[in-house]
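What you see is a predicted model, and the numbers here were worked out from it, not measured in a lab. Each ligand, and each atom within it, is numbered from 1 in the order the structure gives. Residues take their numbers from the sequence shown, with the count starting at 1.
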Amino acid sequence: MPGPPADPSQTVEATRDTSLWWKSAVVYQIYPRSFADANGDGVGDLAGIIERLDHVRALGADTIWISPIYRSPMADAGYDISDYCDVDPVFGSLADADRLIGEAHARGLRVLLDFVPNHTSDQHPWFIESRSSRDNPKRDWYIWRDQPNDWRAALGAGSAWTWDEATGQYYLHLFLPQQPDLNWRNPEVVQAMHGVLRFWLDRGVDGFRIDVAHCTGKDPTFADHPRCLAGEPLADFNDDPYSHEVLRGIRKLVDSYPGDRVLVGEVNIRSTATVVQYYGAGDELHMSFNFPPLDAPWDPVVFRTCIREVDALLQPAQAWPTWVLSNHDNERHRTRYGGSMRRARAAAVMLLTLRGTPFIFQGEELGLEDVVVEPGQRVDPGGRDGPRGPIPWDFAPPHGWRAARTWLPFPPEAATLSVQSQWSQPSSMLHLYRTLIETRRASPALRLGSWEELPSPPEVLAYRRRHGDDDRVVCINFAERPLPIDLEGDWRVAIDSLPEGPDRRFDGMLQPEQAVLLEPLHRPRPQPQQQRQPLQP
Ligand code: GLC
């Protein structure tokens, strides 16, 4: 098995702490059903991912996170797992997973898998045993009660308790009834799930994205919720101390492996103050997703508040931030911003210049919007099909997919937004992302530097990033009219969200919904021979 790749940051400039590779990482989320299809059945697969890894490399991302690939009845698109140590046939085989890990490493890409600790599928042999009788040895691997309480499940599933006729008790599920919750207070469950982590760590993965990392511990008293929370899914606010113990155990295990494996958690709670707790004392998550920007409309007040809060709360806790605008559960951000490509381009400048590790959801580098799904075509019980449309690779239908019909329709403008079309247009969204990532990688200030907000008109967000003598400024105009900004010093536009082109002295005016990355005017510029040619897949 090839080992983890060389630290990509080494190739530009050594960071002070090269072991913390994930601080300098740019992570690309692959949703395997929709990325690329090698076997022509209209659903993406692992062999398809391998075929398209060079796209990720050409974009400049250095880490991939792959949503679940395990055996699953697919009640929740693979987040209902019936065998954690095998690949679902729709995606391929274990041999394909090994090949994918090896091919990614050979290209300098690290691999994070999705780990789903909170629940299994109701078809998992553990649950089949557990529900077979009250005295089955695995009964206590899940959470059984004589009486339900008022806890609610997510995905519109109603009560979090489902009655099991055969054994006359209710079982708990924070998501669908097909996703029974594991009982992590049972040491055998802990041992079995640690075995799952070892299985994949031994195969060479570089870490995990932990699904609903805040949900494994439940209030042991099973008290009803206060009235104000009645009707809210428990998964949106569950915060029992036992989840921290679970995470400490996982962290210890992961740290016992060589190669700085990493844990990034989905703590799907809209309170940054609570999310920070899941970094522990450096002994829980390495990073946690920060959810407010995933809901945020195109609004300077919302972004300013959220960015200030992350800075104020995470910095003192030495908790490394993450930034994410889109994923497989939420409306794509271009759609959320009213379909505006101009706003999506400005947001890309923000995402890739904030202090913290950026996560890119497949297709946002193309400026894709949500798929329009007719009522009869709906697949997801939670109504989240929109962001999950297939990636259009080629201009001509079927856009590089090998089937006449894909499992979901393509997003709007699939031909013009295809990878093929955008590679040939220097002003495309794809090239904007590529240039931003390349610039970030070459700049210690953007990767690891300090963050300081600069005075600006209320509809402009401006900040400075510094590391040693590397100095950058970013200005984002959220308004639909031009606005001036008064900056100290002389600056050159290094990257412009508008296609009119960078490389000019900054005159202090921001066009409507424009974002610029600035560098000092008198900074020595790279000689032409030092400039790397973009890598084409
Ligand atoms: C996470 C996943 C989501 C899934 C849920 C239950 O929120 O991102 O897709 O439905 O967990 O596993």
Engineer: Distance-only check: which donor-acceptor pairs under 3.5 Å involve side-chain atoms of residues 288-296, not counting sequence neighbours?
Structural biologist:
residue, atom, partner, partner atom, Å
Asp295, OD1, Arg270, NH2, 3.1
Asp295, OD2, Arg270, NE, 2.9
Asp295, OD2, Arg270, NH2, 2.9

Engineer: For ligand 1, run through the N/O pairs with the protein that fall under 3.5 Å and put one pair on each line.
Structural biologist:
residue, atom, partner, partner atom, Å
ligand 1, 7 (O), Glu266, OE1, 3.2
ligand 1, 7 (O), Glu266, OE2, 2.8
ligand 1, 8 (O), Arg209, NH2, 3.1
ligand 1, 8 (O), His328, NE2, 2.9
ligand 1, 8 (O), Asp329, OD2, 2.5
ligand 1, 9 (O), His328, NE2, 3.0
ligand 1, 9 (O), Asp329, OD1, 2.7
ligand 1, 9 (O), Asp329, OD2, 3.4
ligand 1, 9 (O), Arg384, NH1, 3.4
ligand 1, 10 (O), Asp76, OD1, 3.2
ligand 1, 10 (O), Asp76, OD2, 2.5
ligand 1, 10 (O), Arg384, NH1, 3.0
ligand 1, 10 (O), Arg384, NH2, 3.3
ligand 1, 11 (O), Asp211, OD1, 2.8
ligand 1, 11 (O), Asp211, OD2, 3.1
ligand 1, 12 (O), His119, NE2, 2.9
ligand 1, 12 (O), Asp211, OD2, 2.8

Engineer: Which pairs would a plain distance check flag for residues 366-373, meaning a side-chain donor or acceptor within less than 3.5 Å of a matching protein atom at least two apart in sequence or in another chain?
Structural biologist:
residue, atom, partner, partner atom, Å
Glu369, OE1, Thr335, OG1, 3.0
Asp370, OD1, Arg332, N, 2.9

Engineer: Do Pro117 and Asp211 come close enough that some side-chain heavy atom pair is under 4.5 Å?
Structural biologist: yes
Engineer: Take Tyr142 and Asp181 through the side-chain contact (heavy atoms from CB on, under 4.5 Å) test and state the conclusion after the steps.
Structural biologist: CA-CA 6 Å; Tyr142 293 82; Asp181 280 34; 6.0 Å; no
Engineer: Mind jotting down which residue pairs meet the side-chain hydrogen bond (donor to acceptor under 3.5 Å, both in side chains) criterion with at least one end in residues 344-361? Sequence neighbours excluded, please.
Structural biologist: Gln315-Arg355, Trp320-Thr357, Thr353-Tyr463
Engineer: Okay, side chain of Arg261, backbone of Val254: is any donor-acceptor separation there less than 3.5 Å?
Structural biologist: no
